[in-house]
Amino acid sequence: MCFRGGAASSVPKTRKRRSEQEFQDLLRRLELAVEASQIGVWEHSIGDDKILWDDQMHRLYATGRRDRMVSAETWTMSIHPDDRAQAEAEFDEAIAARSLYNSQFRIVWPNGEIRHMRSRAHFYEGPGGVPSFIGAEWDITADVLLNRELAEQKSVAEARAVALEESNARIEYAADHDYLTGLPNRRYFDRRLAELGDEDGANTAAILHIDLDRFKQINDKSGHAAGDAMLRNTAARISDAISEADMVARIGGDEFVVLLLDFGGVEALRTIAGDILERLSADIHFGPETLQSGASIGVAWGRAADAGNLLAESDLALYQAKKLGRNRVEFFTLKLQSDLQGERQLAEELKLALSRQEIVPYYQIQVDARTRQIFGLEALARWHHPERGLLLPGVFMKIADEYGLTADVDAAILNQALRDRREWERHGIVPPRIAVNISGSRLNDPQLIEGLARLNIPPHAIVFELVETIFLDDTDESLLLDIDRIKKMGIDIEIDDFGSGHASLIGLVKLKPKRLKIDRQLVTAITVSDEQRRLVASIVEIARALNVEVIAEGVETEEHARLLARIGCDGLQGYALGYPSSAAQTKALLSSDRRPVVRESAELQSAHN
Ligand code: C2E
Ligand code: CA
Ligand code: CA
């Protein structure tokens, strides 16, 4: 090998003896090092077909031989066919350049095993100037496999990162969107509004707050699938009505909001809102069914920078739109805001009033049409307002209804009526039956029956007046069942405001009330219109046939009273017979046991005003 000849010739002659020993040591150390490193060494004179291989080379190539000279072919044929051309080309390049040979290739052992080799060689001129390479070669299979594994792991990790990112994006999308319609949701919308306050893009912004008018009914009657179809359809219709730059979001069950930027004036806004309203009132075909909802829209607009307030304002406008009869567009105004604030305050006061027992019954007498004897009282709610004095139902019942307090008012009146009744009895009075008004919401309260049972109401002491409309809306079985239970407790049922526009004989037959009360509107006209008189007469006739007694309301004059008695009414109630009065006044009236004085109408007007 080259170490021997080359290195020996460079040692000066004078130190030859000692150097010989050192040289041998060096050589031994080198051989040991090479052996320990498992690096094979080879040497090749160009032009010669032979290559000098040391033992380690044979071991690396698993030749099973030890011959020092191998043919060039032994080497090339050991190389993996796929790497051979490349390895040879690199060797040829090194020869041409007379420089470093550096290559990596696979070899195939005689047993078929594949090993990865690294080969490096230096160019030198051998004896006689023959161009030669001396090279080292070692097995890098373990490194290659390790690298390959690392690369694989890396790509797996990368793929996992991509998947993670994708699912992250999906989760984020889901968090920001409504699954049913695909529209942005409340969260997304709120964020967009907040951004509007920060950025200085648009100048003006408007919010259209849209609520479907009859979604609940459709959902209840036609099923959830129909409801879902309706919502998806609504989303599509609204989207179609606005431009790409605008945004529509679903922020609640059947609530949608549209955000418009720089919409170009109030008139343009009105047009867009009207267009959406029209689109939403069109029929939707769902299987064999035709669904139709309609919508109410509240609109608010202002500086884009103040967009944060717009949602609440549009909500107030929507509330107003629904209050005014639905299927319409209402704009937010400051007056609307203060009105609603006033109502809200009144509702708060009413809640307080209920707990402080400021809501009390006033009693209006009902008399027998022939004898004029008092046979009943109607309890009518009054509010002893601490500042505003005595308030009539017209002032607070609508608010009570809007804020869901009607049933509480009804209950307060019933409870107080029972207390008043006991108080009268303590004073030796035999109180007539007391009629209390029952709202639909109270009748629908599942706890009503239980609550009534606890009150220990004496039989036929109390009568419930139900407005006619209740039965038309819900003639469902459970309601009729409840009414039956109420009757069994000894509480008679009367139909109030009969003939006020929803007259339903079917309801009358189904409900079998004890009495019906002919609406004031009908009664008032009987003295001037024959037709009205005939109408009232036929109501009385039908009631007779059904074994239902009749009370006329709004009896304002003696003329009315006489006429109604002649037509066949059983009872009379009205200013002509008595005004609603406090419990104390009523007690005095009942103990005096006198017949109600009938005053003339002129006197009556001035007395009441
Ligand atoms: P309603 O049940 O039809 O009661 C009769 C109303 O007509 C009473 O008005 C009564 O004061 C008035 N009235 C009586 N006689 C005459 C008359 O000759 N001429 C005229 N023009 N009016 C007469 P009020 O007390 O203001 O009550 C109004 C409505 O408020 C009641 O109409 C009833 O629907 C409702 N309401 C009153 N109290 C209660 C209650 O405790 N619960 C519920 N749910 N509603 C109540
Ligand atoms: Ca009534
Ligand atoms: Ca009435």
So Cys569 and Val540, do their side chains get closer than 4.5 Å, heavy atoms only?
yes
Please check this pair: side chain of Asn185 against backbone of Ala175, looking for a donor-acceptor N/O pair closer than 3.5 Å.
yes
Taking Ser591 for its side chain and Ala588 for its backbone only, find out whether a donor-acceptor pair lies under 3.5 Å.
yes
Between Arg232 and Asp228, is there a side-chain N and carboxylate O pair less than 4.0 Å apart?
no
Between Asp497 and Gln521, does any side-chain donor sit less than 3.5 Å from a side-chain acceptor?
no
Looking at Gln217, I want to see if its CD is surrounded by more than 12 non-hydrogen atoms of other residues, nucleotides or ligands under 6.0 Å.
yes
Start with the C-alpha distance between Glu348 and Lys351, add both sets of side-chain angles, then the distance that settles salt bridge (Lys or Arg N to Asp or Glu O under 4.0 Å), and finish with yes or no.
CA-CA 5 Å; Glu348 285 306 316; Lys351 272 187 219 162; 3.3 Å; yes
Can you find a pair of side-chain heavy atoms, one from Arg270 and one from Val329, that are under 4.5 Å apart?
no
At what distance, to the nearest 0.5 angstrom, does CD1 of Ile486 lie from CD1 of Ile449?
4.5 Å
Less than 4.5 Å apart, any side-chain heavy atom of Ile551 and any of Glu378?
no
Without swapping roles, check the side chain of Asn444 against the backbone of Gly440 for a donor-acceptor pair under 3.5 Å.
yes
Tyr319-Glu402 side chain donor-acceptor pair, cut-off 3.5 Å:
yes
Test Glu553 against every option in Thr524, Asp519, Leu572, Ile518 by the side-chain contact (heavy atoms from CB on, under 4.5 Å) rule and name the one that passes.
Asp519
May I ask you to test the Pro580-Tyr575 pair for a side-chain heavy-atom distance under 4.5 Å?
yes
Would you give the length of the straight line joining atom CD1 of Ile539 to atom CD1 of Ile567, rounded to the nearest 0.5 angstrom?
10.0 Å
Take atom CG of Asp283 as the centre, draw a 6.0 Å sphere, and report whether it contains more than 12 heavy atoms from other residues, nucleotides or ligands.
yes
May I ask you to check whether Glu289 and Ser222 show a side-chain donor-acceptor distance below 3.5 Å?
yes
N-O pairing of Glu531 and Arg534 below 4.0 Å:
no
What's the separation between atom CG in Leu259 and atom CG in Leu310, rounded to the nearest 0.5 Å?
8.5 Å
Can you find a pair of side-chain heavy atoms, one from Ile462 and one from Phe464, that are under 4.5 Å apart?
yes
Are any of the side-chain nitrogens in Arg433 or Glu494 under 4.0 Å away from the carboxylate oxygens of its partner?
yes
Is Arg544 atom CZ crowded by more than 12 heavy atoms from other residues, nucleotides or ligands, each under 6.0 Å away?
no
Both conditions, 6.0 Å and 45 degrees, for the charged tip of Arg192 above the ring of Phe189: are they met here?
no
Would Asp482 and Arg485 satisfy salt bridge (Lys or Arg N to Asp or Glu O under 4.0 Å), going step by step from the backbone distance to the final call?
CA-CA 5 Å; Asp482 278 352; Arg485 289 207 193 106; 3.1 Å; yes
Should we count CZ of Phe215 as having more than 12 external heavy atoms under 6.0 Å?
yes
Let's go through Ser296 and Asp211 carefully: what are the C-alpha distance in whole Å and the side-chain angles of both, what is the deciding distance for side chain to side chain donor-acceptor pair (under 3.5 Å) to 0.1 Å, and is it a yes or a no?
CA-CA 5 Å; Ser296 300; Asp211 188 285; over 6 Å; no
Give a yes or no on whether the backbone of Arg214 and the side-chain of Ser293 come within a donor-acceptor separation of less than 3.5 Å.
yes
Does Val360 offer a backbone N or O that forms a donor-acceptor pair with the side chain of Arg382 under 3.5 Å?
no
Decide, yes or no, whether a salt bridge links Lys323 with Glu343 under the criterion of side-chain N to carboxylate O below 4.0 Å.
yes
Would the distance check show the side chain of Asn415 and the main-chain N or O of Ala411 forming a donor-acceptor pair, the cut-off being under 3.5 Å?
yes
Pairing donors with acceptors under 3.5 angstrom, does anything connect the side chains of Gln416 and Arg419?
yes
With a sphere of 6.0 Å drawn around CD of Glu423, does it hold more than 12 non-hydrogen atoms of other residues, nucleotides or ligands?
yes
Using distance alone, with no hydrogens and no angle criterion, decide if Glu349 and Gln345 have a side-chain donor and acceptor under 3.5 Å apart.
yes
Between Lys487 and Lys512 (side chain of the first, backbone of the second, donor and acceptor by atom type, cut-off under 3.5 Å), is there such a pair?
yes
Could you walk me through whether Asp484 and Lys488 pass salt bridge (Lys or Arg N to Asp or Glu O under 4.0 Å), step by step?
CA-CA 6 Å; Asp484 236 37; Lys488 288 211 175 82; 3.8 Å; yes
